[in-house]
Amino acid sequence: MATSTKKGSNWQQQASQPDKKLELNQIIHLLATDKLLSKESSDQLFRSPQSSNKVEMHPLVIIANEKVTSAKPPHNVLDIETLSQWFADKIGLPYFHIDPLKIDVAAAASVMKYSYAERNKILPVEVAKDYITVATAEPYVREWEPEIAHITKKQIRRVFTNPADINRYVVEFYSLARSVSHAMEETGGNDLGSISNLEQLVELSRAGKLDANDQHVVTIVDWLLQYAFEQRASDIHIEPRRDQGRIRFRIDGTLHLVYQLPPAVTAAVSSRLKILGRMDVAEKRRPQDGRVKTKTPDGKEIELRLSTMPTAFGEKLVMRIFDPEVLVKSFKELGLSDEDYKRWQHMVTQPNGIVLVTGPTGSGKTTTLYTTLKQLAQPEVNVCTIEDPIEMIEESFNQMQVQHNIELDFAAGVRNLLRQDPDIIMVGEIRDQETADMATQASLTGHLVLSTLHTNDSVSAITRLLDIGIPPYLINATLLGIVAQRLVRCLCPHCKQPGHLDDQQWQALVSPWKINKPETVYAPKGCLECRNTGYLGRMGIYEVLTMSQQTKKLVTTDCDTNKLRRQAMKEGMRTLRISGAQKIIAGLTTIEEVFKVAPAYED
């Protein structure tokens, strides 16, 4: 929220007059007075069909729809957000940008009825102990203010808001609140909070009367999915609790609390999603996996992977959102430098051998492998995968799902794939010696094998293979290279600002290399584009180790990882921290982000 003190006297003068809605002529005149509109643009607005349209439309929306440019440098388009901020500053009211992630929707909707909010074009955005903050796009209409103050017995604080957001969120907030309220009514008002026995609590929440196919539950689920797509969420967490279930989104690697639901409604929402994911709704004691394919509001196909887990208060459900568009991105867009890309391409274009991608869960390994396979899957090449679970359905290669209930594990899957005349095999993860043995045998018989390991860095993958039971001579005969990777948040290009970088921090980051500290570094600030976080999206940092003859000589039963790492660094391997330092120099991320994900090595 930004408070403005300019033109305050004008606001007070207008506020004392009878209620009156804003008029287009009035706004155009103010813009011309402030030299934001040229005469040609003013004439264009007066001639606009919308200006004479009898359908009620806010004058700021009419002007924004015409996409006129500002008469002042740098001559940007006067969009609705720019106009709203300008007008709030003009009348001396605080400007408030509605961010649904930061608003208690249930509390806001409880202040007044939907019909009242819709009629007056107002929306409560903050409900505190002593006051209520109400957003309005009609600052000179105040008849509702004493009514709300009298009913709630609280002080009313007015803020000016984008009129398009008012129209949108009045509908969305009240629709969601109404669906939750009606869903609760249909449960018969189960009171679970008074029950202290944990087993009874869980059993009763399962026995609620609410049907997962109830229209109110469907509305809640539809809102949840569409809102997650809009907020760029990578994961949706639905978590049961004793008093209120929680819905959280992971956005750019950070979890945000979005909404709280009554326990019975939380259970019904989970059941609805399980139905969509073709999972067993009645089974709540065992973890389950499922998948859903749906579309965003703009028609783009999105795939969701569902996973449930039994907890003390019911089933926790997590949905991972996969955007198929990441598969058409270039490696440069994913964060791979030109030199590392050449090393990676050299490895994955070999006729046979093993290529490993390592890193913790959520570090982007699947994206790297899928992007590579998509590139390699030419019509003359047979690409087959064995995964647990299949992360994303892709038509350009053949995918097989691990199914432990029929003893189809990774090792059995690879054994079967070898009879399918493959050229390239992708094994979801090497977890045990049997799978590692099968991957090794596949590479020795003329296949290129791509797989993942859970290790901290590239060199640790070799010691991990030794621990699993793969002898050094087989590692040297089959392993082409290893890529370790992490994801760092990218600075928002719209609002990043010059920052400060400490000398000691920089040396700690780039040691043992001698890399000059950049003259200019950037820090997060926060704007509407990045939802005031300062970060927008994520990209990878990579550590690419290729197995040369000198490196292979160091792979022994008592392998020294420090010697191995030093040799790889002599041959051009950049560590994760150095890859991160390159992103800092390029102004793409911050040193704090790199320190957060990239491990330090002992020399």
Please determine if [X] and [Y] form a salt bridge, counting it only when a charged side-chain N lies under 4.0 Å from a carboxylate O.
X    : Y    : answer
K72  : D34  : no
R168 : E172 : yes
R157 : E126 : no
K154 : D130 : no
E593 : R489 : yes
R246 : E239 : yes
D99  : R531 : no
K274 : E315 : yes

Just checking, is any N or O donor in the side chain of [X] or [Y] under 3.5 Å from an acceptor N or O on the other one?
X    : Y    : answer
Q582 : S337 : no
Y535 : T590 : yes
W344 : T372 : yes
D79  : T82  : yes
E147 : Y116 : yes
Y259 : Q244 : no

Fill in: Test log, rule ring-ring contact (aromatic ring centres under 6.0 Å, His included), inputs F87 and F160
CA-CA 9 Å; F87 189 69; F160 188 79; 5.4 Å; yes
Does any non-hydrogen side-chain atom of [Y] lie less than 4.5 Å from one of [X]?
X    : Y    : answer
I236 : Y227 : no
I321 : I302 : yes
T266 : I238 : yes
V134 : L123 : no
L536 : C490 : no
Y370 : Q375 : no
F322 : S234 : no
L37  : V68  : yes

Distance in Å, [X] [atom1] paired with [Y] [atom2], rounded so as to fall on 0.5 Å steps:
X    : Y    : atom1 : atom2 : answer
I98  : L528 : CD1   : CG    : 11.5 Å
I28  : T33  : CD1   : OG1   : 11.5 Å
I541 : L576 : CD1   : CG    : 5.0 Å
S110 : I132 : OG    : CD1   : 8.0 Å
E81  : N162 : CD    : CG    : 5.0 Å

Short side-chain to backbone donor-acceptor contact, [X] and [Y], under 3.5 Å:
X    : Y    : value
K365 : G359 : yes
S579 : T575 : no
H256 : F249 : no

Worksheet item: Is NZ or CZ of K496 both nearer than 6.0 Å to the six-membered ring centre of Y522 and within 45° of the ring axis?
Response: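 Flagged: K496 positioned over aromatic ring of Y522.
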Worksheet item: At their closest point, which heavy atom of G534 faces which heavy atom of C530, and how far apart are they?
Response: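 Shortest heavy-atom contact: N-SG, 3.2 Å.
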Practice prompt. Check each of R248, R305, R320 against D235 using the side-chain hydrogen bond (donor to acceptor under 3.5 Å, both in side chains) test, and report the only one that passes.
Written response: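 Answer after filtering R248, R305, R320: R320.
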